[in-house]
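These notes are about the structure you will find just below.
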Amino acid sequence: MEPKEKSNDCQDCWNTCTTSSSLKRHSQIYTSKELYNCAVCGKEFSRKGNLSSHLRIHEKQKPYFCEICGKAFTQNCDLRKHFLIHTGEKPYVCEICGKAFNRTYSLRMHKRFHTKEKPYACDICSKVFTERQQLQRHLRVHTKEKPYACDICSKAFTFPSIFQKHLKIHTKEKPYDCEICGKAFSRAHHLKIHLRIHTEEKPYICEICGKALTYRWYLKTHIRTHTKEKPYNCEICGKAFRRTNELKCNLRVHTKEKPYACEICHKAFSERKTLKLHIRIHTKEKPYACEICGKAFTVRCTLKTHLRTHTKEKPYDCKVCGKLFSRTNSLKAHLRIHTNEKPYTCEICSKSFTVKSSLNTHVRIHTKEKPCVCQICGKAFIQNNCLKSHLRIHGKKNLMLVKSVVK
């Protein structure tokens, strides 16, 4: 039989008491003439003993230890509640769904999920909550209060749960391992999300285009491609971005910060993903292969561009002359013909060029480098076009012997 439930909420403040007797003692704050004030936070108490117990919070004293797991508590009543976790005792049962709880308070809060009751409303934004503590925590969003400070890095947090997760950054604790690939995580939730990579589960569907995504934040960011929303602005150049990561990377362009260094050649990068792609130069890894011709590529976007050589797709058009291109870089370089922009300048003779490849070829005039060699007679040339013209001397069939210029 379910024990009789009775509300132990104080009608004058935020406090919720565990028993009717503790509520009665607590209510003396508002009826007693003599009050005891905490010198640290100013909280008032009707009993000197309650003030002494409260001071342990500030002094970080936890004299009550659980004999089973060793966890420490500030007050004896908290230890008694904790002990029920080990005994498994849950005497308070929900009449609606049968779920059991070890405290009347937990049962009372649970029942509100069935009744949809949310009696605690924020005076500032009118948002409503099931529990008084939820409202109390929510108010910190408005007050900007961050009472939980890290002793190691001094970073402060609004909620204790986020603070506990932050501490694992310093302890390097990662107790949750993926059984498939062995990757470790500091939180069970992160492991759960990671497993979708292996299961290829994509539970979040875009209502506009139907695209399925692995993570909720991927969907949120993806929707901005439809709405054109860019809520993150750079204070230096004013450029707007869809994601905070994009803004962070942009700021490194201004600060010249490159925190990700290659352990092999020590080249530094502003983004972790750029370093990851760079490492493939050393490992020769090319995980993206063309299903038509078998050619492999280091990055997915290069494969995507390559496929257009088979499909003949040219989605990028010049707004000036209408010429079509398969790549945005090609269009960008082409536009310089119309604008007469020549951003690539030779450091030796100061001659300027529209594209970087033209500058690279030109520099060989100064360095006397001739990387394009005829396989028939051994004659060398500065650029590929010169080698092509030369091969006609040997016959048309020998044009196939042309080798790619070192770019």
Side-chain angles (χ1 to χ4, degrees), residues 1-31 43-47 50 53-54 57 62 64 66 68-69 71-143 145 147-148 157-165 187-193 203-204 216:
M1 184 177 176
E2 182 189 337
K4 189 176 179 181
E5 185 187 343
K6 187 179 179 182
S7 175
N8 296 311
D9 288 346
C10 175
Q11 300 302 310
D12 297 293
C13 70
W14 295 110
N15 199 55
T16 298
C17 300
T18 54
T19 62
S20 56
S21 58
S22 61
L23 174 61
K24 189 176 180 180
R25 288 194 301 272
H26 167 77
S27 298
Q28 290 175 6
I29 295 171
Y30 305 99
T31 58
K43 194 172 181 180
E44 296 177 334
F45 298 89
S46 59
R47 294 186 175 192
N50 291 348
S53 297
H54 167 78
I57 297 171
K62 293 183 178 181
Y64 303 101
C66 174
I68 300 172
C69 68
K71 192 171 182 179
F73 298 90
T74 306
Q75 298 182 38
N76 194 27
C77 61
D78 293 331
L79 172 60
R80 287 199 301 270
K81 293 173 200 171
H82 164 80
F83 196 71
L84 294 173
I85 296 171
H86 300 297
T87 63
E89 185 184 354
K90 293 182 178 181
Y92 307 102
V93 182
C94 175
E95 294 174 346
I96 301 170
C97 67
K99 192 172 182 180
F101 300 88
N102 54 24
R103 291 191 296 162
T104 55
Y105 172 78
S106 301
L107 173 60
R108 187 165 69 252
M109 292 303 106
H110 165 78
K111 280 186 175 180
R112 287 177 182 159
F113 285 104
H114 298 300
T115 62
K116 308 296 181 185
E117 182 190 1
K118 293 184 177 181
Y120 305 104
C122 175
D123 293 333
I124 302 170
C125 67
S126 301
K127 193 172 181 179
V128 291
F129 300 89
T130 307
E131 299 182 49
R132 196 189 298 266
Q133 288 88 341
Q134 289 175 344
L135 172 58
Q136 201 169 13
R137 289 193 296 267
H138 164 78
L139 285 171
R140 293 177 189 146
V141 175
H142 300 297
T143 62
E145 182 190 0
Y148 305 99
F157 300 89
T158 306
F159 308 112
S161 57
I162 299 174
F163 172 52
Q164 291 299 325
K165 291 167 188 174
R187 287 190 265 172
H189 178 65
H190 287 171
L191 172 59
K192 186 180 177 181
I193 292 172
Y204 303 101
R216 183 185 280 109

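This chain uses plain numbering: 1 for the first residue, then up along the sequence.
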If you apply the rule side-chain contact (heavy atoms from CB on, under 4.5 Å), what do you find for Lys127 with Phe129, and how did you get there?
CA-CA 7 Å; Lys127 193 172 181 179; Phe129 300 89; 3.7 Å; yes
Rounded to the nearest 0.5 Å, the NZ atom of Lys81 sits from the CG atom of Asn102 at a distance of 10.0 Å
Might you confirm whether atom CZ of Phe101 has over 12 heavy atoms from other residues, nucleotides or ligands at distances under 6.0 Å?
yes
Just verifying a value: how many Å separate Ser106 OG and Lys99 NZ, rounded to the nearest 0.5 Å?
9.5 Å
So does Thr130 get a backbone contact from the side chain of Gln134, meaning a donor-acceptor N/O pair under 3.5 Å?
yes
Where is the tightest heavy-atom contact between Cys66 and Cys69, given as atom of each residue plus distance?
SG-N, 3.6 Å
Under 30°, 30 to 60°, or over 60°: which ring-plane class applies to Phe163 and Tyr148, parallel, tilted or perpendicular?
parallel
Near Arg216 CZ, under 6.0 Å, is it more than 12 heavy atoms from other residues, nucleotides or ligands?
no
Sequence neighbours excluded, the answer for ring pair (Phe, Tyr, Trp, His ring centres under 6.0 Å) partners of His189 is none
To the nearest 0.5 Å, tell me how far Gln75 CD sits from Arg80 CZ.
10.0 Å
Might you work through the side-chain contact (heavy atoms from CB on, under 4.5 Å) test for Ser53 and Thr74, ending with a clear yes or no?
CA-CA 7 Å; Ser53 297; Thr74 306; over 6 Å; no
Atom CZ in Arg112, atom CD in Glu131: separation rounded to 0.5 Å?
7.5 Å
Could you pull out the closest heavy-atom pair between Thr158 and Pro147, with the gap in Å?
O-CD, 3.8 Å
Atom pair CD1/NZ of Ile85 and Lys71 - distance to nearest 0.5 Å:
6.5 Å
Under 30°, 30 to 60°, or over 60°: which ring-plane class applies to Phe113 and His110, parallel, tilted or perpendicular?
tilted
When rounded to the nearest 0.5 angstrom, what is the spacing between CD in Glu95 and NE2 in His114?
10.5 Å
Between Arg140 (side chain) and Glu145 (backbone), is there a donor-acceptor pair under 3.5 Å?
no
